[in-house]
There are 2 protein chains.
Amino acid sequence: MSIDTARHEEVRRKLAAQARQADPRVEALVNEIIGRVADKWTMIVIDVLAEHGELRFTGIARRVPGISQRMLTRTLRQMEREGLVQRTVHPVVPPRVEYRLTDLGLGLGDAFCGVWIWAERNLEKIEQARAEFDARERGG
Amino acid sequence: MSIDTARHEEVRRKLAAQARQADPRVEALVNEIIGRVADKWTMIVIDVLAEHGELRFTGIARRVPGISQRMLTRTLRQMEREGLVQRTVHPVVPPRVEYRLTDLGLGLGDAFCGVWIWAERNLEKIEQARAEFDARERGG
DNA sequence: CGGGATCCTTATGGATACTG
DNA sequence: CAGTATCCATAAGGATCCCG
């Protein structure tokens, strides 16, 4: 193990210990949050809202290709429930509903930046690992 | 908006732009990775392996309460396929199989530390937001 | 326009039994 | 010990229709 790797791991241990510190509620919340964020749409919605600041329902739908309006509604409701987005209804006809990230939602986006950067940096390693694994499986 | 919030957002935008930069493959990979990590067990397994360095199948199972052996097998196989863990089979009886995180897996754990810290810091805000939302819903 | 309600298909995951 | 194989319950998610 290189010195770099050793230091890397030391830092990681500290961070992990700090984050987990004997609080099962945090563990549960992290799992919920990750579960939510990983529900395939939430992260994308956070991303879109972070980029554009404030959008209407249809505006979000247009920028999240493939999402059904049912899923968009549900996603936004859950995000609203957890305080990640603020939903503003303008009482006009036709209805006008604006969504924007709260500071909490923005913060969650920030927190996931590390994951994005990691993914970008390790994209090829993962694809290579997959290819090697699949080759091994087919071979033996 | 406070100066702090403004700077915060500026940083965030830069990071997001850097992470996403016109590469749809990264976007797809992030979704896959988040999806994987969010599959309820992967993150916990990463955590356990990061803490203990190297463990056998049963050792992991013991430290991940509630996981079925089916799910543990599947989780470890997928992690292996993506190069997150290394699986070492010692040809003895009874079989002895050791699992440990690769540098890639360790890095992914690091990347998610930000999310853990965020969750820890915002635990109460989220619970409060949920309570308020639910109260609003029930009320009208 | 911004949803709610319903139906239906698929994916996920637990329990259990068996094996080299 | 470290899995594999099978079965089954539930949940996620898409398609569609309807409404204020």
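What you see is a predicted model, and the numbers here were worked out from it, not measured in a lab. Throughout, a chain's letter reflects where its sequence line sits, starting with A, and its residues are numbered from 1.
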What pairs of nitrogen or oxygen atoms, one from the protein and one from nucleotides 16-20 of chain C, lie under 3.5 Å apart?
from, atom 1, to, atom 2, distance (Å)
C:dA17, N6, B:Gln69, NE2, 3.0

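- You'll find the side chain of B:Leu76 reaches within 4.5 Å of the side chain of B:Phe57, heavy atoms only.
- Distances shown here put a side-chain N or O of A:Arg87 below 4.0 Å from the OP1 or OP2 atom of C:dG3.
- Atom P of nucleotide C:dG13 and atom CG of B:Leu76 are separated by 14 Å, given to the nearest angstrom.
- OP1 or OP2 of C:dG3 sits under 4.0 Å from a side-chain N or O of A:Tyr99.
- The residues A:Arg96 and A:Glu98 are annotated as salt-bridged, a charged nitrogen and a carboxylate oxygen being separated by less than 4.0 angstrom.
- Nearest nucleotide to the side chain of A:Pro94, out of C:dG3, D:dA2, C:dC1: C:dC1.
- For the pair B:Met79 CE and D:dG3 P, the computed distance is 14 Å after rounding to whole Å.
- Phosphate proximity of D:dT4 to B:Arg77: present, with a side-chain N or O under 4.0 Å from OP1 or OP2.
- Taking the side-chain contact (heavy atoms from CB on, under 4.5 Å) definition, one finds that A:Ala129 meets it with nothing, sequence neighbours left out.
- Note: CZ (B:Arg74) to P (D:dT4) measures 11 Å, nearest angstrom.
- The side chain of B:Thr58 contributes an N or O atom lying less than 4.0 Å from OP1 or OP2 of D:dA2.
- Atom CE in B:Met71 sits about 16 Å away from atom P in D:dC7, given to the nearest Å.
- A search for ring-ring contact (aromatic ring centres under 6.0 Å, His included) contacts involving B:Tyr99 returns nothing, not counting sequence neighbours.
- Taking for each of B:Ile67 and A:Val97 the nucleotide of DNA chain C with the nearest heavy atom, the 5'-most of the two is the partner of A:Val97.
- Listed by chain and residue number, nothing satisfies the salt bridge (Lys or Arg N to Asp or Glu O under 4.0 Å) test with B:Arg87 (two or more places apart in sequence, or in another chain).
- In this structure B:Ala61 satisfies the side-chain contact (heavy atoms from CB on, under 4.5 Å) test together with B:Leu72, sequence neighbours excluded.
- Rounded to an integer number of Å, the gap from CG of B:Leu72 to P of C:dT12 is 17 Å.
- Taking atom CG of residue A:Leu55 and atom P of nucleotide C:dC1, one finds them 15 Å apart after rounding to whole Å.
- If you check every strand for non-hydrogen atoms under 4.0 Å, B:Arg56 touches sugar and phosphate atoms only.
- B:Arg100 meets the side chain to side chain donor-acceptor pair (under 3.5 Å) test with B:Gln86; sequence neighbours excluded.
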